[in-house]
Amino acid sequence: MEKKEVEEQEQEQVVNPWQVSAKDGGKIDYDKLIDQFGCQRLDQSLIDRVHRLTSRPPHVFLRRGVFFAHRDFNEILDAYERGEKFYLYTGRGPSSESLHLGHLIPFMFTKYLQDAFKVPLVIQLTDDEKCMWKNLSVEESQRLARENAKDIIACGFDVSRTFIFCDFDYVGGAFYKNMVKVAKCVTYNKAVGIFGFTGEDHIGKISFPPVQAVPSFPSSFPHLFSGKDSLRCLIPCAIDQDPYFRMTRDVAPRLGYNKPALIESSFFPALQGETGKMSASDPNSAIYVTDSAKDIKNKINRYAFSGGQDSIEKHRQYGANLEVDIPVKYLGFFLEDDAELEHIRNEYGAGGMLTGEVKQRLIQVLSELVERHRTARAAVTDEMVDAFMAVRPLPNMFN
């Protein structure tokens, strides 16, 4: 691609770990993002392979293209087919007390991958990152990390295959050695080119990327993967995290490691429309796992952007614009039944269903989802958090 063309695309939309915005408040162009980042589109043949290799139906997020891009996922499947295992790595930057639905998506999908492939998982809580970017105290960042860990555990991860760690507690030893090795491979100019750092950014930000890079190297976890330096890593994440792992994939072969593979999701849109991703800073842009059924009903009815017409007569005549309708998009994430979703799309798009009916079905789906999560989270004790965070071998790692 010509340099001028790339620059024009970059002016149109900004997608990095700290900022997601489309040109003129429009929609994110994921095809352009794939070209710009240099990843691949996740095609049906890979989804069919997952089905064949795991004997499980593909997750709804795979079937409906929520996870839409990848790097070397085909190589992970090739290795798995040869009998070689891999491990999963994902994470969360704990910047708020509770998670919204957009935060849950990578964890719901990672749980499916862990169950389907029967592989170990490491989950990084970047309390250090949020301390530096959000101007939180060290103590507050650590407290939020433990609170977020409870929401993550509530997604149903297997404690015998899962290690959750906070950077403030775990970084050191073999992990820190890998950080230093990565840091030596990346020039300041390269970091500025990848992450867009400026002269106003403090040096803590510039030094952070190796912290998120090295969980993709098995030797960072000697208590789990001692002697398994060739073990491959698969990272399920939202596509805004891609810059970290472009950097990681560039340096991995120079350090004697496999490049981590990625499987990447689109953003869960804000209630007000598909201009980027939900914002924790605007509570009315998101459904939170702490919202009551009444909160959910109120937010969907008041704030969920509708593609329906402005009168019943016009709606019956022209139908809804499904391209911009948020309730239909949310059902695409969380309504399991493919046939029902197709029926709603057809009826609503033709004017047979009204906006209120679609919103009512969404309120029901989300209320049930949030209530299930709230019940699961209430059962997570501090002792359970300690068990997931204990530095110990994982007994059922590959069973």
Side-chain angles (χ1 to χ4, degrees), residues 9-34 36 60-61 64-69 95-96 98-106 238-240 264-289 291 295-312 314-315 318-335 341 344-351 353-367 369-370:
Q9 285 183 9
E10 287 171 350
Q11 288 163 7
E12 286 178 9
Q13 58 185 16
V14 177
V15 175
N16 63 42
W18 310 288
Q19 185 185 356
V20 174
S21 61
K23 185 186 180 186
D24 302 327
K27 288 167 65 171
I28 297 294
D29 187 325
Y30 289 106
D31 288 325
K32 281 189 175 178
L33 207 53
I34 283 176
Q36 184 184 327
V60 65
F61 294 161
R64 300 194 187 141
V66 173
F67 279 79
F68 73 102
S95 60
S96 59
S98 73
L99 278 59
H100 59 55
L101 294 183
H103 294 140
L104 279 189
I105 284 165
I239 198 162
D240 60 337
E264 300 177 312
S265 72
S266 56
F267 303 117
F268 191 60
L271 282 166
Q272 285 83 351
E274 206 171 10
T275 57
K277 61 178 184 179
M278 282 185 165
S279 170
S281 58
D282 178 4
N284 290 324
S285 76
I287 303 292
Y288 283 84
V289 295
D291 283 347
D295 292 333
I296 293 169
K297 181 177 180 180
N298 182 49
K299 285 184 180 182
I300 297 297
N301 282 333
R302 286 186 65 185
Y303 300 111
F305 187 82
S306 168
Q309 304 297 331
D310 53 16
S311 72
I312 291 178
K314 282 171 75 175
H315 184 81
Y318 300 114
N321 178 356
L322 303 184
E323 283 302 305
V324 300
D325 192 88
I326 289 297
V328 163
K329 289 187 185 299
Y330 277 25
L331 287 170
F333 281 82
F334 295 119
L335 179 62
L341 180 67
I344 290 171
R345 289 178 61 86
N346 289 338
E347 284 292 303
Y348 188 41
M353 276 183 92
L354 298 174
T355 298
E357 295 172 275
V358 179
K359 285 188 172 183
Q360 188 55 45
R361 183 66 180 113
L362 177 63
I363 290 164
Q364 189 181 359
V365 168
L366 294 188
S367 297
L369 171 73
V370 169

How far apart are the C-alpha atoms of Gln364 and Arg361, what are their side-chain angles, what is the distance that settles it, and do they pass the side-chain contact (heavy atoms from CB on, under 4.5 Å) test? CA-CA 5 Å; Gln364 189 181 359; Arg361 183 66 180 113; 3.2 Å; yes
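- Using a distance-only test at 3.5 Å, with no hydrogens or angles considered, no donor-acceptor pair links the side chain of Lys297 to the main chain of Ile363.
- Here the CG-CD1 distance, from Leu362 to Ile287, works out to 7.5 Å after rounding to the nearest 0.5 Å.
- When all heavy atoms are compared, the tightest approach of His315 to Met353 is NE2-O, 2.7 Å.
- Shown here for His103 and Pro106, the closest heavy-atom pair between the two residues is O-CD, 3.4 Å.
- Applying the side chain to side chain contact (heavy atoms under 4.5 Å, CB included) rule to Leu322 yields the partners Ala320, Val328, Arg345, Tyr348; only residues at least two apart in sequence or on another chain are considered.
- Scanning all heavy atoms of the two residues, the minimum distance from Ser98 to Val289 falls at CB-CG2, 4.4 Å.
- Note that the CG atom of Leu366 and the CG atom of Leu335 stand 10.0 Å from one another [nearest 0.5 Å].
- Among Leu104, Val60, Ile105, the one residue that satisfies the side-chain contact (heavy atoms from CB on, under 4.5 Å) test with Phe334 is Ile105.
- Residues passing the side chain to side chain contact (heavy atoms under 4.5 Å, CB included) test with Asn321, sequence neighbours excluded: Glu323, Val324.
- No side-chain heavy atom of Leu101 sits less than 4.5 Å from a side-chain heavy atom of Phe333.
- Contact detail for Gln272 and Phe305: the closest heavy-atom pair is O-CB, 3.4 Å.
- In this structure Asp31 satisfies the side chain to side chain contact (heavy atoms under 4.5 Å, CB included) test together with Asp29, Arg41, sequence neighbours excluded.
- Looking at Gln13, its side chain never comes within 3.5 Å of a backbone N or O of Tyr30 through a donor-acceptor pair.
- Between Asp240 and Pro17 the shortest side-chain heavy-atom distance does not fall below 4.5 Å.
- Taken from CD1 in Ile326 to OG1 in Thr355, the straight-line distance is 12.5 Å, to the nearest 0.5 Å.
- Arg64 and Gly332 get closest at one heavy-atom pair: NH1-O, 3.0 Å.
- Scanning both residues, Ser265 and Ala238, for their nearest heavy atoms gives OG-CA, 3.4 Å.
- By the ring pair (Phe, Tyr, Trp, His ring centres under 6.0 Å) test, Tyr303 pairs with no residue at all, sequence neighbours left out.
- Of the possible donor and acceptor atoms, one in the side chain of Asp291 sits under 3.5 Å from a partner among the backbone N and O of Tyr288.
- Side-chain N or O atoms of Tyr330 include one that pairs as donor or acceptor with a backbone N or O of Pro269 at under 3.5 Å.
- Lys359 is linked by a salt bridge (charged side-chain N to carboxylate O under 4.0 Å, His left out) to nothing, counting only residues two or more places apart in sequence or in another chain.
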Are Ser285 and Leu271 close enough, and set up right, to give a side-chain contact (heavy atoms from CB on, under 4.5 Å), and what steps lead you there? CA-CA 5 Å; Ser285 76; Leu271 282 166; 5.6 Å; no
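- Not counting sequence neighbours, the partners of Ala69 by the side chain to side chain contact (heavy atoms under 4.5 Å, CB included) test are Ile34, Cys39, Ile239, Glu264.
- The pair Asp310-Lys314 counts as a salt bridge, with a side-chain nitrogen and a carboxylate oxygen less than 4.0 angstrom apart.
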